[in-house]
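One structure below.
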Amino acid sequence: VQLQASGGGLVQAGGSLRLSCAASGHIFSIASMTWYRQGPGKQRELVATITSGGNTNYADFAKGRFTISRDNAKNTVYLQMNSLKPEDTAVYYCNLQFGMAFWGQGTQVTVSS
């Protein structure tokens with residue numbers, strides 16, 4: 001399985017970005033997908049998870065601002081991020097969990113104040 005994340009960039013506070021993560025292989029539709037992030041000098045933290053059945057879970061900081069979704073036909077998971085804050089600045093990684101964990105390369109999100 002290979003994961004390719006995209007959609008990061010520089011945005012002003014209050015703005016929005018949509019991250020995408022495309023997966024290769026044939027297990028995407030039966031795997032849980034998670035977005036993590038790692039800010040400067042910080043540990044990697046969970047942002048949001050979506051199960052194969054579409055159930056979602058969010059970190060407290062993401063609730064109400066971020067939305068995770070998936071398109072199994074496109075083998076892609078998305079993270080819509082609204083009302084971005086400077087503290088959301090981080091490298092965002094997608095993760096596929098199916099017996100073992102697979103990681104994408106990360107996409108940089110920078111939010112300016």
Of all heavy-atom pairs between [X] and [Y], which one has the smallest distance, and what is that distance?
{"X": "Ser69", "Y": "Val77", "answer": "O-CG2, 3.1 Å"}
{"X": "Met81", "Y": "Leu84", "answer": "CB-CD2, 3.8 Å"}
{"X": "Thr107", "Y": "Gly8", "answer": "OG1-N, 3.1 Å"}
{"X": "Ser52", "Y": "Ser32", "answer": "N-OG, 4.2 Å"}

Next on the checklist: Strictly by disulfide (SG to SG under 2.5 Å), give each pair with a member in residues 50-113 just once, sequence neighbours left out.
Outcome noted: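 Sorted pair list: Cys21-Cys94.
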Next on the checklist: For residues 37-91, which residue pairs pass the disulfide (SG to SG under 2.5 Å) check, not counting sequence neighbours?
Outcome noted: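 Every candidate disulfide (SG to SG under 2.5 Å) pair involving residues 37-91 fails, so no pair, neighbours aside, qualifies.
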Would you say [X] and [Y] make side-chain contact, with heavy atoms under 4.5 Å?
{"X": "Asn95", "Y": "Tyr93", "value": "no"}
{"X": "Thr56", "Y": "Thr51", "value": "no"}
{"X": "Leu79", "Y": "Thr67", "value": "no"}

Which residues pass the side-chain hydrogen bond (donor to acceptor under 3.5 Å, both in side chains) test with [X], not counting sequence neighbours?
{"X": "Gln38", "result": "none"}
{"X": "Ser16", "result": "Asn82"}
{"X": "Thr49", "result": "Thr34"}

Taking only residues two or more places apart in sequence or in another chain, which ones pass side-chain contact (heavy atoms from CB on, under 4.5 Å) with [X]?
{"X": "Thr110", "result": "Leu10, Thr89, Gln108"}
{"X": "Ser24", "result": "Gln2"}
{"X": "Gln105", "result": "Gln4, Ala5"}
{"X": "Val1", "result": "Leu3, Ile27, Leu96, Phe102"}

Item to check | Pairs satisfying ring pair (Phe, Tyr, Trp, His ring centres under 6.0 Å), at least one member in residues 28-81, at least two apart | outcome: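 Checked against ring pair (Phe, Tyr, Trp, His ring centres under 6.0 Å) - neighbours excluded - the pairs reaching residues 28-81 are Tyr36-Trp103.
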Next on the checklist: Applying salt bridge (Lys or Arg N to Asp or Glu O under 4.0 Å) as the test, list every pair that has at least one member in residues 41-63; sequence neighbours left out.
Outcome noted: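 Every salt bridge (Lys or Arg N to Asp or Glu O under 4.0 Å) pair that includes a residue of residues 41-63, provided the two are not neighbours, is Arg37-Glu45, Asp60-Lys63.
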Checklist entry - Does the pair Val111 and Leu17 meet the rule for a side-chain contact (heavy atoms from CB on, under 4.5 Å), with working shown? => result CA-CA 10 Å; Val111 184; Leu17 283 174; over 6 Å; no
Next on the checklist: Are Phe98 and Ile50 linked, directly or through intermediate hydrophobic residues, by side-chain heavy-atom contacts shorter than 4.5 Å (ILVMFWY only)?
Outcome noted: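 Ile50 clusters together with Phe98.
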Next on the checklist: Checking the side chain of Asn75 only, and the main-chain atoms of Gly25 only, is there a donor and an acceptor separated by less than 3.5 Å?
Outcome noted: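 Judged by distance alone, yes, a pair lies under 3.5 Å.
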Checklist entry - Would you say Arg65's side chain and Gln80's backbone share a donor-acceptor pair under 3.5 angstrom? => result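 Between the backbone of Gln80 and the side chain of Arg65 there is no qualifying donor-acceptor contact (under 3.5 Å).
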Checklist entry - With Arg18, which residues qualify under salt bridge (charged side-chain N to carboxylate O under 4.0 Å, His left out), at least two apart? => result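 For Arg18, no residue satisfies salt bridge (charged side-chain N to carboxylate O under 4.0 Å, His left out) once neighbours in sequence are set aside.
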Next on the checklist: How long is the straight-line distance from OG of Ser29 back to CG of Asp71, given to the nearest 0.5 Å?
Outcome noted: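 Rounded to the nearest 0.5 Å, the CG-OG separation comes out at 11.5 Å.
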